[in-house]
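Residue numbering restarts at 1 for every chain, and letters A, B, ... go by the order of the sequence lines.
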There are 2 protein chains.
Amino acid sequence: MHDQRPSGRQLFDALQPADLATRVADEVLDAIGDGRLRPGDKVADARLAKELGISRAPVREGLRLLESQGLIVSHPRRGFFVHSYDADELKEVYDLRECLELHAAEAAMSRMTPADLDRLAAQVKLLHDLATEGQTQEQVVQDFAFHRMLCELGGNSRILRLFDQIAAEMRAGIALVGQLYSDPSEIARTHDPIIDALRARDVDRLREELREHLQDAQIHVVRLFRTGALNPARTEDLSEAERRLILR
Amino acid sequence: MHDQRPSGRQLFDALQPADLATRVADEVLDAIGDGRLRPGDKVADARLAKELGISRAPVREGLRLLESQGLIVSHPRRGFFVHSYDADELKEVYDLRECLELHAAEAAMSRMTPADLDRLAAQVKLLHDLATEGQTQEQVVQDFAFHRMLCELGGNSRILRLFDQIAAEMRAGIALVGQLYSDPSEIARTHDPIIDALRARDVDRLREELREHLQDAQIHVVRLFRTGALNPARTEDLSEAERRLILR
DNA sequence: TATATTTCAACTGTCGACAATCGACGGTTT
DNA sequence: AAACCGTCGATTGTCGACAGTTGAAATATA
């Protein structure tokens with residue numbers, strides 16, 4: 001049973017009086033995540049402010065919050081845009097993800113309890129189940145959840161925060177595609193060796209398997225990007241003016 | 001003689017219309033870097049705006065830019081503050097730095113040319129020279145420059161950007177101390193094994209040496225932090241109200 | 001003297017407004 | 001027909017203002 005009486009511990013999280021700027025940032029984040037805003041789209045502060053029913057100041061502040069995360073770019077005197085990748089940059093994001101996750105996973109291995117390992121394994125099992133049920137949308141979500149758990153177990157909140165930022169960017173890309181793998185069970189299967197390595201407490205193998213897993217994912221995404229499915233800035237979708245805008 | 005007629009090549013660099021927000025961010029960054037603003041300090045947008053001779057809107061936008069980098073924290077209805085570390089967080093920053101630099105250095109090893117290696121070696125030589133001349137301030141700057149070169153050679157601009165962000169935070173800490181090592185030549189010496197490993201193209205040794213080097217630095221900083229030299233939030237320096245502010 | 005209450009100036013979050021600038025459009029020239 | 005140019009509406013960057021809070025000094029209370 002849990003404690004009945006209020007102890008010295010804090011019982012409630014301080015509910016923070018969220019300022020509009022952060023709420024705007026969250027809102028835009030969601031919109032990017034579910035594809036309402038697509039990479040390359042212009043985000044006119046005046047328009048957004050009107051839609052949200054607030055003034056432009058907090059909207060601009062919210063967009064600035066996203067700017068240094070790399071999700072939004074501002075071209076001075078031209079406005080804010082949802083950041084749009086080229087193939088090289090996509091590679092860099094995946095490289096960074098590999099960097100962070102390998103480091104976190106390595107730390108996780110020495111920090112995690114048997115219960116943690118069970119939770120990770122259960123998560124992979126969930127991925128398998130979702131694959132057989134054909135719930136690909138939910139599978140993508142739970143895939144991210146697995147990798148997030150790994151980062152969390154690494155114990156560095158800073159790295160976890162960066163993972164979350166990158167995850168938001170990748171979700172933006174995935175929202176455009178809808179489905180990443182032709183074979184949904186492939187997602188699940190490629191997680192098994194990672195669990196095995198963790199169970200064996202074999203650092204080198206963990207690094208190797210995780211690296212391979214991530215590079216697999218990278219190849220899938222980059223290929224889709226090259227074929228145009230992930231690329232919002234397909235030349236034929238752009239007016240001449242918009243193209244010049246992106247080029248400068 | 002140069003060409004007389006304009007050719008197809010570009011003749012002018014695009015002069016970028018720097019908006020005030022980013023300039024404010026740079027300004028605050030500098031102030032944090034050289035110790036004019038210390039961790040924990042309040043940054044009142046109204047005051048800053050008056051000092052800079054501009055209005056509050058771009059100041060707030062600039063601070064928001066720094067907020068998601070973690071350098072500035074905003075407590076709603078209370079204002080902006082220069083982020084102040086506890087020991088745990090300092091450890092996390094160094095852990096992240098290790099993560100990024102090891103990854104970048106590993107990539108750098110396979111990408112760099114002999115000329116790049118010479119430049120790195122020359123930079124370490126510079127560190128030695130500065131040590132004998134007793135130029136500790138400049139040595140810290142050039143120390144960062146060395147590690148930045150390493151990250152740059154890694155070829156991932158995303159990682160380089162993160163390094164720059166972290167570097168800004170660490171400079172903030174170092175500005176408080178003034179001098180990190182009791183023996184300035186120690187800074188220089190601890191770089192030698194890294195060059196050796198690079199020269200030998202030995203990945204494992206590079207990782208090992210670099211990790212040790214960074215953990216060395218971490219120990220120095222954390223120790224100074226614990227003794228209070230680096231800690232701006234020393235209890236005796238804070239009013240009761242300020243303490244409560246930090247605690248919540 | 002120490003603690004609780006009130007007062008008050010300073011600051012924050014947000015808004016609406018204005019001038020400067022940008023991209024688009026249409027007319028003009030080669 | 002293509003390139004150029006100037007105009008126009010739309011949008012941006014910035015500003016000053018206002019109401020609501022906040023922290024701290026001033027005052028009252030024990």
* To do: Cation-pi check, B:Arg97 to B:Phe163: give yes when NZ or CZ is under 6.0 Å from the six-membered ring centre and within 45° of the ring axis, no otherwise.
  => no

* Rounded to whole angstroms, how far apart are NE2 on B:His75 and C1' on D:dT21? -> 16 Å

* B:Glu61 CD to C:dT12 P, straight-line distance once rounded to whole Å -> 16 Å

* Could you tell me whether a side-chain N or O of B:Asp164 sits under 3.5 Å from a main-chain N or O of B:Arg161, the two making a donor and an acceptor? => no

* Rounded off to whole Å, could you give me the CZ-to-C1' distance for the B:Arg47 and C:dA10 pair? => 12 Å

* Nearest-Å distance, CZ (A:Arg77) to P (C:dG23)? -> 12 Å

* Asked: At under 4.0 Å between heavy atoms, what does B:Arg56 touch on the DNA or RNA strands: base, sugar-phosphate, or nothing?
  -> base

* To do: Using atom CG of B:Leu20 as one end and atom P of C:dA20 as the other, report the distance to the nearest whole Å.
  => 15 Å

* **Interatomic distance where CG belongs to B:Leu48 and P belongs to D:dC15 [whole Å]** => 12 Å

* Quickly, which of B:Val24, B:Leu20, B:Val28 forms a side-chain contact (heavy atoms from CB on, under 4.5 Å) with B:Leu52? Name it, please. => B:Val24

* **B:Ala44 vs B:Ala57, nearer the 5' end of DNA chain C by closest nucleotide** => B:Ala44

* Under a 4.5 Å cut-off applied to non-hydrogen side-chain atoms, are A:Gln142 and A:Leu126 in contact? -> yes

* **Short side-chain N/O contact from B:Ser55 to OP1 or OP2 of D:dC15, under 4.0 Å** => yes

* Whole angstrom is fine here: how far is it from CG in A:Leu52 over to C1' in C:dC15? => 15 Å

* Asked: Can you find a side chain N or O atom of B:Arg78 that sits less than 4.0 Å from OP1 or OP2 on C:dT12?
  -> no

* **Rounded distance (Å) that lies between atom P of D:dT22 and atom CZ of B:Phe81** => 12 Å

* Just call it for A:Lys42: base, sugar-phosphate, or nothing, with non-hydrogen atoms closer than 4.0 Å on any strand. => sugar-phosphate

* Structure fact -> Between A:Ile54 and B:Ala46, whichever has its closest DNA chain C nucleotide further toward 5' is B:Ala46

* Asked: Which atom pair, heavy atoms only, marks the closest approach of B:Leu63 to B:Asp45?
  -> CD1-CB, 4.4 Å

